[in-house]
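Labels below follow one simple rule: chain letters A, B, ... track the order of the sequence lines, proteins then strands, and each chain is numbered from 1. Scope of the values below: all heavy atoms of this structure, side chains included, with no hydrogens, waters or symmetry mates.
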2 protein chains.
Amino acid sequence: MSSRRTYHHGDLRQAVLTAALDVIATEGPSALSLRDLARRAGVSHAAPAHHFKDRAGLLTAVATEGFDLLAVALGEAADLKDAGVRYVRFAADHPAHFQVMFQPDLHRPDDPDLLAAKERAGDRLRAGVAGLPGGGTRGTDPRLAGVAAWSLAHGFATLLLSHNLEGPIGEQDPEEVFRTLARLLFADDAPQPPGE
Amino acid sequence: MSSRRTYHHGDLRQAVLTAALDVIATEGPSALSLRDLARRAGVSHAAPAHHFKDRAGLLTAVATEGFDLLAVALGEAADLKDAGVRYVRFAADHPAHFQVMFQPDLHRPDDPDLLAAKERAGDRLRAGVAGLPGGGTRGTDPRLAGVAAWSLAHGFATLLLSHNLEGPIGEQDPEEVFRTLARLLFADDAPQPPGE
DNA sequence: CGGCAAACTTGTCAATGCCTAGATTTGGCG
DNA sequence: CGCCAAATCTAGGCATTGACAAGTTTGCCG
């Protein structure tokens with residue numbers, strides 16, 4: 001940290017973003033202060049505004065980045081159950097992104113970049129559901145099956161991040177617990193391909 | 001509004017609380033300002049502090065009230081599926097409470113009243129799971145079944161409040177959609193005990 | 001080399017949270 | 001009835017913050 005020799009920071013946008021993620025992950029979004037981020041980056045108090053316009057702009061950028069990361073993670077999923085596991089893993093690995101993504105009052109809901117990233121992530125979600133064998137959902141509306149799977153993964157992830165699962169599941173590995181839940185609810189009474 | 005005739009407000013605590021719920025429900029917790037609430041109640045800017053100490057104290061009170069309301073709602077549930085529906089209904093009817101309840105960075109996590117209320121709500125949740133017939137969960141650990149049901153209901157409620165279900169389920173009644181989900185996932189393939 | 005736009009700084013203003021001291025009212029108790 | 005203590009509310013002040021409006025420096029491109 002300390003004194004910068006160059007007038008230009010070089011990569012202030014990224015520096016502010018990562019500092020913001022750090023603060024949000026440890027103290028929550030409400031503790032975020034643009035001036036504090038500026039201090040951490042060693043720049044003047046108004047410098048971040050040039051990259052993000054204002055507080056809402058910064059958080060919108062965080063959410064956008066989050067949806068893109070989520071889209072990548074879901075894109076690598078083998079099947080729906082795996083997609084759920086990756087969803088939970090994403091929340092655990094990127095708690096700051098996750099929190100901001102699903103708190104619409106923190107960002108500009110009409111931001112075009114945000115909407116596009118949201119769309120990309122939504123596509124991956126729907127793609128995961130499309131690969132479902134009919135047995136798992138008993139031939140019901142695939143949109144419903146999608147909402148069901150999304151709700152389960154999202155609820156588990158949210159409860160995990162809000163420290164509400166520390167009682168019930170204790171020390172166990174969250175991913176493993178979620179895998180069990182998915183097995184429990186999405187009964188694969190249709191024959192699965194062998195292996196694994 | 002404007003001039004109050006009495007020096008004492010009479011029920012400032014409740015007035016501030018309901019005003020806070022109004023603001024949170026429409027603009028989110030981040031838009032909450034103690035001074036604004038004071039203005040709405042027609043009192044001086046420091047009056048609310050006497051009842052809630054500070055911002056975190058006010059939000060802690062909101063969360064506490066929320067967990068108590070939730071405990072009441074869950075207490076009236078007939079079975080686990082009904083408890084889930086009531087959970088979703090609670091979130092829809094009390095969006096401000098719900099948002100604050102599950103955002104630990106907004107309140108004092110060690111507040112005794114809050115912890116007690118949380119405990120009461122948790123008891124009702126566990127009670128609902130205890131009434132499960134073995135078939136629904138295929139004889140698995142009841143704690144796991146509880147986490148599964150909670151995750152599903154919580155995820156659905158959260159996605160609903162963050163406006164993420166407006167695409168998939170459109171105009172349909174959320175409660176009815178959730179009922180379908182619960183029927184879909186918690187397959188009652190085991191014979192139910194007659195009479196309830 | 002000239003200029004121009006982006007990146008950053010400095011200064012300012014209103015609003016907020018929180019603290020302290022003082023004013024008013026209420027309720028209780030002799 | 002009188003009086004005191006606690007509860008409730010007011011008033012003022014201070015540090016911090018977000019947002020805005022100029023200026024400054026830097027890199028780049030013709």
Side-chain angles (χ1 to χ4, degrees), chain A residues 1-24 26-63 100 103 105-109 111 113, chain B residues 1-20 22-24 26-63 100 103 105-108 111 113:
Chain A
M1 45 150 277
S2 71
S3 62
R4 205 170 3 97
R5 277 175 301 130
T6 61
Y7 187 90
H8 281 9
H9 178 282
D11 197 7
L12 181 59
R13 184 186 159 92
Q14 197 56 42
V16 169
L17 262 177
T18 55
L21 291 175
D22 186 40
V23 172
I24 296 173
T26 59
E27 305 177 64
S30 51
L32 196 82
S33 147
L34 287 182
R35 288 174 110 106
D36 178 47
L37 297 180
R39 277 190 292 268
R40 290 178 184 231
V43 296
S44 86
H45 60 90
H50 191 272
H51 291 274
F52 300 103
K53 167 75 177 171
D54 57 9
R55 217 181 106 100
L58 168 60
L59 290 168
T60 301
V62 170
V100 175
Q103 230 168 332
D105 59 295
L106 291 183
H107 38 71
R108 306 187 188 289
D111 181 271
D113 292 345
Chain B
M1 46 150 279
S2 71
S3 63
R4 205 169 3 94
R5 275 175 303 127
T6 62
Y7 188 89
H8 281 9
H9 177 281
D11 198 8
L12 180 59
R13 184 186 160 92
Q14 197 55 42
V16 169
L17 221 40
T18 55
D22 186 40
V23 172
I24 296 173
T26 59
E27 305 176 64
S30 52
L32 197 81
S33 147
L34 287 183
R35 287 173 114 105
D36 178 48
L37 297 180
R39 276 190 294 270
R40 290 178 186 231
V43 296
S44 87
H45 60 89
H50 191 276
H51 292 274
F52 301 103
K53 169 74 176 169
D54 57 9
R55 217 183 106 102
L58 168 61
L59 290 167
T60 301
V62 169
V100 175
Q103 229 167 335
D105 59 294
L106 291 183
H107 37 72
R108 305 186 187 289
D111 181 272
D113 292 346

- Looking at residues at least two apart in the chain, or sitting in another chain, which of them share a side chain to side chain contact (heavy atoms under 4.5 Å, CB included) with Ala38(A)? Val43(A), Pro48(A)
- Message: Tell me every residue that passes side chain to side chain contact (heavy atoms under 4.5 Å, CB included) with His45(A), counting only those two or more places apart in sequence or in another chain.
- Response: Arg35(A)
Looking only at heavy atoms, which two atoms of [X] and [Y] are closest? And how far apart?
{"X": "Ala20(A)", "Y": "Leu58(A)", "value": "CB-CD2, 4.2 Å"}
{"X": "Leu37(A)", "Y": "Val16(A)", "value": "CD1-CG1, 4.0 Å"}
{"X": "Leu106(A)", "Y": "Pro29(A)", "value": "CD1-CB, 3.8 Å"}

Residues two or more places apart in sequence or in another chain: which of them pass side chain to side chain donor-acceptor pair (under 3.5 Å) with [X]?
{"X": "Arg108(A)", "answer": "Asp54(A)"}
{"X": "Asp36(A)", "answer": "Arg40(A)"}
{"X": "Asp105(B)", "answer": "Ser30(A)"}

- Where along residues 47-55 of chain A does a heavy atom come under 4.0 Å from DNA chain C, residue by residue in number order? Ala47(A), His50(A), His51(A)
Whole-Å gap separating [atom2] ([N]) and [atom1] ([X]):
{"X": "Arg13(A)", "N": "dA6(C)", "atom1": "CZ", "atom2": "P", "result": "15 Å"}
{"X": "Leu37(B)", "N": "dG17(C)", "atom1": "CG", "atom2": "C1'", "result": "13 Å"}
{"X": "Leu12(B)", "N": "dT26(C)", "atom1": "CG", "atom2": "P", "result": "15 Å"}
{"X": "Leu34(A)", "N": "dC20(D)", "atom1": "CG", "atom2": "C1'", "result": "13 Å"}
{"X": "Leu32(B)", "N": "dG17(C)", "atom1": "CG", "atom2": "P", "result": "8 Å"}
{"X": "Arg40(B)", "N": "dT16(C)", "atom1": "CZ", "atom2": "C1'", "result": "15 Å"}

Look for any protein N or O under 3.5 Å of an N or O in nucleotides 11-16 of chain D and output each such pair with its distance, or none.
unit_1: dG12(D); atom_1: N7; unit_2: His45(B); atom_2: NE2; d: 3.4

